[in-house]
Amino acid sequence: MSGGRLRALMLKEFRQMIRDRRYMIALVVAPVLELLVFGFVLSATVTHLPLGVVDQSATPQSRELIADLTESRSFRLAGYYDSTGALGDAIQRGALDAGLVIPYEYARDLASHKPVAVQVILNATNANTAAIAQGYAEGVLQAYDAQRASVALPRGVALAPDYLYNPGLVGSWFIVSGILGLLLILVGTLFSSQMIVKERAAGTIEQLLMSPASATEIIVAKVTPLFGALFAMGLIAVAMMRWIFGLPFNGSLLLFLAGAALCMFSGIGLGMFVATIVRSARQAQLFVFFLNPPLATLSGAFTPVEAMPRWLQPVTVLNPINHFAVIARGTLVKGSGIDVLWPNFLALLTFTVVLLSLSVWRYRAQL
Amino acid sequence: MRRIVAQTRKEIIQILRDRLTLTLAIILPAFLLFIMGTAISLTVNHMPIVVQDFDGSSASTKFVDAFRASVTFSVVPWPINEDPQRALASNEARAALIIPPHFGRNIASGASAPVQMLVDGSDANTAQLATGYASEVVRAYNAQLGGVSTQPVQAAIRLWFNPGRDSKKFYGPGFFVLALTLFPTLLAALATSKEGEEKTILQVYASSIPASQYLLGKIFAIMVIAFCEWIVMMALLVTYFGLRFAGDPTPFIVGSLLYAFCVAAFGTMVGAAIPSQVAAMQAVAAGGFLLVFILSGLLFPVENIPVGLRWLSNFVWGRYYIEIVRDAFLQGGGWPATWWKVFAISGFGATFYGIAWRNMRAMQLKD
């Protein structure tokens with residue numbers, strides 16, 4: 001490998017890249033915008049579910065219960081209904097997500113200290129929303145009971161939950177720290193494969209291979225400017241996570257950037273490898289279409305890996321997005337160090353080395 | 001009419017001949033539906049939890065057994081002398097339950113027995129689910145103790161439409177729509193942009209076929225492919241996802257037909273406007289896939305999107321079809337709940353067709 005030749009090749013690739021303004025926009029600006037939109041739009045938080053009420057009791061006591069339930073953040077009063085039938089119709093139509101039925105004997109039974117059941121109907125179409133709404137409703141009723149009973153402390157176990165790392169339970173932290181890796185891999189794969197395929201389509205690959213430069217030098221020169229652009233994108237993303245989404249950055253920023261760099265290299269390596277297999281730009285893109293959905297789905301970037309079926313979870317070990325998501329969440333939110341994250345670093349390093357060496361090896365065999 | 005049929009036949013023959021495209025058309029949608037429907041879920045089952053029992057009495061053992069017996073938690077062994085926070089930091093557990101000394105004595109004397117639960121908040125949604133589930137376990141334990149009398153008002157919670165809170169039933173219809181959005185659009189865009197790229201469009205211009213019939217011929221061919229995909233994926237929804245029609249299926253059937261027209265028209269419109277297959281694919285990926293993925297309520301409810309961006313989801317055609325499919329399989333609201341959504345889809349289809357026709361109607365090369 002010669003320093004002068006490598007520098008000249010790199011300069012060529014770098015100039016080629018920045019000359020195309022549309023290319024730079026697609027490479028740096030688009031992913032940053034996507035991260036922003038994903039962070040704001042993808043949210044599992046359950047708030048303000050429209051609640052319909054059938055108040056057969058119509059007493060101060062029943063109104064107190066309605067007020068308690070609808071003043072919480074999770075439900076909002078959407079209207080009163082005359083009968084349970086009308087309420088059911090509204091839920092089926094999709095106008096309501098929840099319903100509350102308070103029976104005639106509510107106030108009377110309360111006064112005579114008899115236990116009384118109110119009916120809460122939840123639209124469980126979305127399993128996650130239903131599970132969280134159920135927890136809320138039960139919590140509100142328990143608090144209501146405790147307040148009414150005005151006994152010092154209820155008998156039995158009292159659970160005191162304590163949220164570590166994210167006491168405000170901000171949902172976007174999980175999403176943005178996962179999506180960044182997804183974007184790095186998707187963008188890296190797409191652009192590195194296009195880069196190689198373009199050279200072949202234009203016929204300039206033969207000139208490159210005939211020059212004294214070795215395949216390693218050609219690949220290194222191609223990777224470096226692309227990596228530089230991705231790294232710039234990564235830095236903008238870090239600034240956004242800090243100041244727009246307010247991630248706490250509990251761990252080492254350097255460790256995070258090292259993980260991001262390895263993730264970028266894995267994406268670039270994957271794209272290059274794809275490019276040395278396919279024949280045309282059209283095929284390259286179709287291949288990426290094949291590859292992206294499973295990569296994104298089995299990554300744990302926007303849904304937890306533990307929520308996948310058991311037999312599918314081991315597959316995520318082969319996914320660089322997953323490893324980077326663990327590193328990003330560890331360093332940016334939880335404050336974990338290398339003592340915890342080393343297996344993920346090792347995995348990313350392995351992907352990088354294997355994919356890039358495969359690309360170098362296949363590069364000569366392209367003609 | 002004869003000309004439309006001839007154009008449709010020609011398109012279908014062309015697609016059947018291209019192996020790669022054909023696999024993409026029939027196998028990939030079903031594969032995508034299977035893998036996404038299986039892997040994507042927000043509700044964690046078997047959530048790993050560590051327990052530190054500083055009491056060691058029979059009451060505390062019984063309490064821990066209640067957690068062991070629940071489906072949602074899986075108790076991970078953890079040494080008593082080690083900080084439970086480390087289990088969360090190293091991703092070995094999502095939560096830690098700490099039972100203080102004198103737990104058994106407090107329970108026996110009828111006093112309140114506080115128990116601390118540390119929850120990993122880096123995934124806010126899972127953290128909320130964890131506390132919700134834990135409260136359910138605690139409530140059941142307390143009821144067993146005979147402490148029910150302190151809770152005069154109880155919630156009788158009914159989960160409608162999906163009583164098992166099965167995520168697959170919610171996400172299956174969503175990914176069904178995503179696949180039906182992505183692949184017919186992609187095929188239509190490829191088939192149309194190819195004519196521009198390879199200049200065969202000139203032969204079309206020179207022939208006697210008007211723009212309206214040329215476009216309809218293409219659209220009908222893609223609709224036939226979309227129908228094949230629809231059949232394959234419906235089989236998967238009924239068998240693997242265990243979905244059945246909840247009510248009147250006619251809005252779903254009419255909506256499906258119109259939606260196939262809508263996506264085929266969108267792809268044809270994109271392909272006719274962009275005479276390059278690679279660029280057309282990128283446009284489909286951004287317009288068809290990304291928009292539907294983030295703005296249609298596919299993963300998270302549309303109501304969770306911030307108000308400033310939520311109006312955008314009204315312009316995402318996939319959103320209406322997702323709501324129709326979910327209604328058909330889960331809620332069963334029928335025409336009263338969905339008529340205007342079917343109407344909206346036909347509006348989108350007509351608009352896309354109209355734009356494509358306007359751009360092409362001169363049947364002349366643009367200068």
Side-chain angles (χ1 to χ4, degrees), chain A residues 40-45 92-94 115-128 130-132 134-135 137-138 141 145 149 153-166 169-171 174 281-282 285 293-294 297-298 303-304 306-309 312 329 333-334 336 340, chain B residues 32 35-36 39-44 88-90 110 112-129 131-132 134-135 138 141-142 145 147 150-162 165 167 170 277-278 281 294 300 304-306 309 326 330-331 333 337:
Chain A
F40 279 122
V41 167
L42 294 187
S43 151
T45 336
Q92 193 164 41
R93 250 201 339 270
V116 53
V118 295
Q119 198 177 45
V120 177
I121 303 164
L122 293 171
N123 178 353
T125 309
N126 184 342
N128 184 59
I132 290 180
Q134 183 175 3
E138 282 176 349
L141 277 174
D145 277 335
L153 268 172
R155 211 186 133 195
V157 179
L159 193 71
D162 208 343
Y163 299 106
L164 297 178
Y165 317 123
N166 180 4
L169 290 184
V170 185
F174 180 76
R282 175 172 175 266
Q285 198 145 29
T297 310
L298 299 171
T303 57
E306 291 95 330
M308 295 175 194
L312 208 54
R329 285 169 194 147
V333 182
K334 293 171 127 187
S336 324
V340 167
Chain B
L32 188 75
I35 197 84
M36 288 192 133
I40 290 199
S41 159
L42 286 169
T43 40
V44 174
L88 303 193
S90 62
S112 166
V115 167
Q116 195 189 20
M117 183 160 146
L118 299 177
V119 187
D120 178 353
S122 63
D123 176 359
N125 186 62
T126 306
Q128 271 178 302
L129 284 175
T131 32
S135 317
V138 168
Y141 179 82
N142 283 348
L145 282 180
T150 52
Q151 197 172 354
V153 183
Q154 284 159 24
I157 293 191
R158 305 269 175 277
L159 299 172
W160 279 17
F161 312 127
N162 183 7
R165 286 199 315 222
S167 295
F170 178 67
Q277 293 190 64
V278 171
M281 266 194 266
I294 59 179
F300 306 115
N304 286 358
I305 303 174
L309 292 168
R326 281 191 182 140
L330 296 161
Q331 275 155 273

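All chains are named by letter (A, B, ...) in the order of the sequence lines, taking the proteins before the strands, and each is independently numbered beginning at 1.
Residue contact with chain B, scored on non-hydrogen atoms closer than 4.5 Å, involves the side chain of A/L298 exclusively. When heavy atoms are compared at a cutoff of 4.5 Å, A/S336 approaches chain B solely by way of its side chain, counted from C-beta outward. In this structure, chain A has a heavy atom under 4.5 Å from the side chain of B/L309, while its backbone stays farther away. If you measure heavy-atom distances from B/L118 to chain A, the contacts under 4.5 Å come from both the backbone and the side chain. Interface remark: B/F161 contributes side-chain atoms only to the contact with chain A (heavy atom separation under 4.5 Å). For A/V333, the part lying near chain B is the side chain, with the backbone staying farther off; criterion is any non-hydrogen pair under 4.5 Å. With a 4.5 angstrom heavy-atom cutoff, A/L312 touches chain B only via side-chain atoms. Both the backbone and the side chain of A/V120 come within contact range of chain B, each with at least one heavy atom under 4.5 Å from a heavy atom of that chain. The parts of B/I35 that come within reach of chain A are both its backbone and its side chain, each placing non-hydrogen atoms under 4.5 angstrom from that chain. When heavy atoms are compared at a cutoff of 4.5 Å, B/S122 approaches chain A by way of both its backbone and its side chain.
Ranking A/L122, A/L42, A/T125 against chain B, the residue ahead of the rest is A/T125, based on heavy-atom pairs under 4.5 Å. When each of A/A127, A/G94, A/A130 is scored by its heavy-atom pairs under 4.5 Å with chain B, the top score falls to A/A127. Ranked by heavy-atom pairs shorter than 4.5 Å toward chain B, the options A/G171, A/P309, A/G135 are led by A/P309. Here B/S41 is the residue among B/S135, B/S41, B/G333, B/A337 with the most heavy-atom pairs under 4.5 Å with chain A. Highest contact tally toward chain A, considering only B/I40, B/D120, B/V138, is held by B/D120 [criterion: heavy-atom pairs under 4.5 Å]. For the set B/T43, B/V115, B/L129, the count of heavy-atom pairs under 4.5 angstrom toward chain A peaks at B/V115. Ranked by non-hydrogen atom pairs under 4.5 Å with chain B, the options A/A137, A/P304, A/P294, A/P293 are led by A/P304. When the candidates B/I305, B/N125, B/L32 are compared by the number of heavy-atom contacts under 4.5 Å with chain A, B/N125 comes out ahead. Counting heavy-atom pairs closer than 4.5 Å to chain B, the top-ranked of the candidates A/D162, A/T303, A/V170 is A/D162. Ranked by heavy-atom pairs under 4.5 Å with chain A, the first of B/Q277, B/M281, B/M36 is B/M281.
A distance-only check finds a donor-acceptor pair linking the side chain of A/K334 to the backbone of B/L88 [under 3.5 Å]. Of the possible donor and acceptor atoms, none in the side chain of B/R326 sits under 3.5 Å from a partner among the backbone N and O of B/Q331.
Interatomic distance, B/F170 CZ to B/L330 CG, rounded to the nearest 0.5 Å: 8.5 Å.
When side chains are defined from C-beta on, B/F300 does not count as touching A/N128, because their heavy atoms never get closer than 4.5 Å. Within the 4.5 Å cutoff, the side chain of A/N123 has no heavy atoms near those of the B/W160 side chain.
Among all heavy-atom pairs drawn from A/T297 and A/M308, the shortest one is O-CE, 3.6 Å. Minimum interatomic distance between B/G121 and A/Y165 (heavy atoms only, all atoms of both residues): N-CD1, 4.2 Å. Taking every heavy atom of both residues into account, B/A89 and A/V340 meet most closely at O-CG1, 3.6 Å.
Of the candidates B/D123, B/V44, B/T126, B/V44 is the only one forming a side-chain contact (heavy atoms from CB on, under 4.5 Å) with A/E306.
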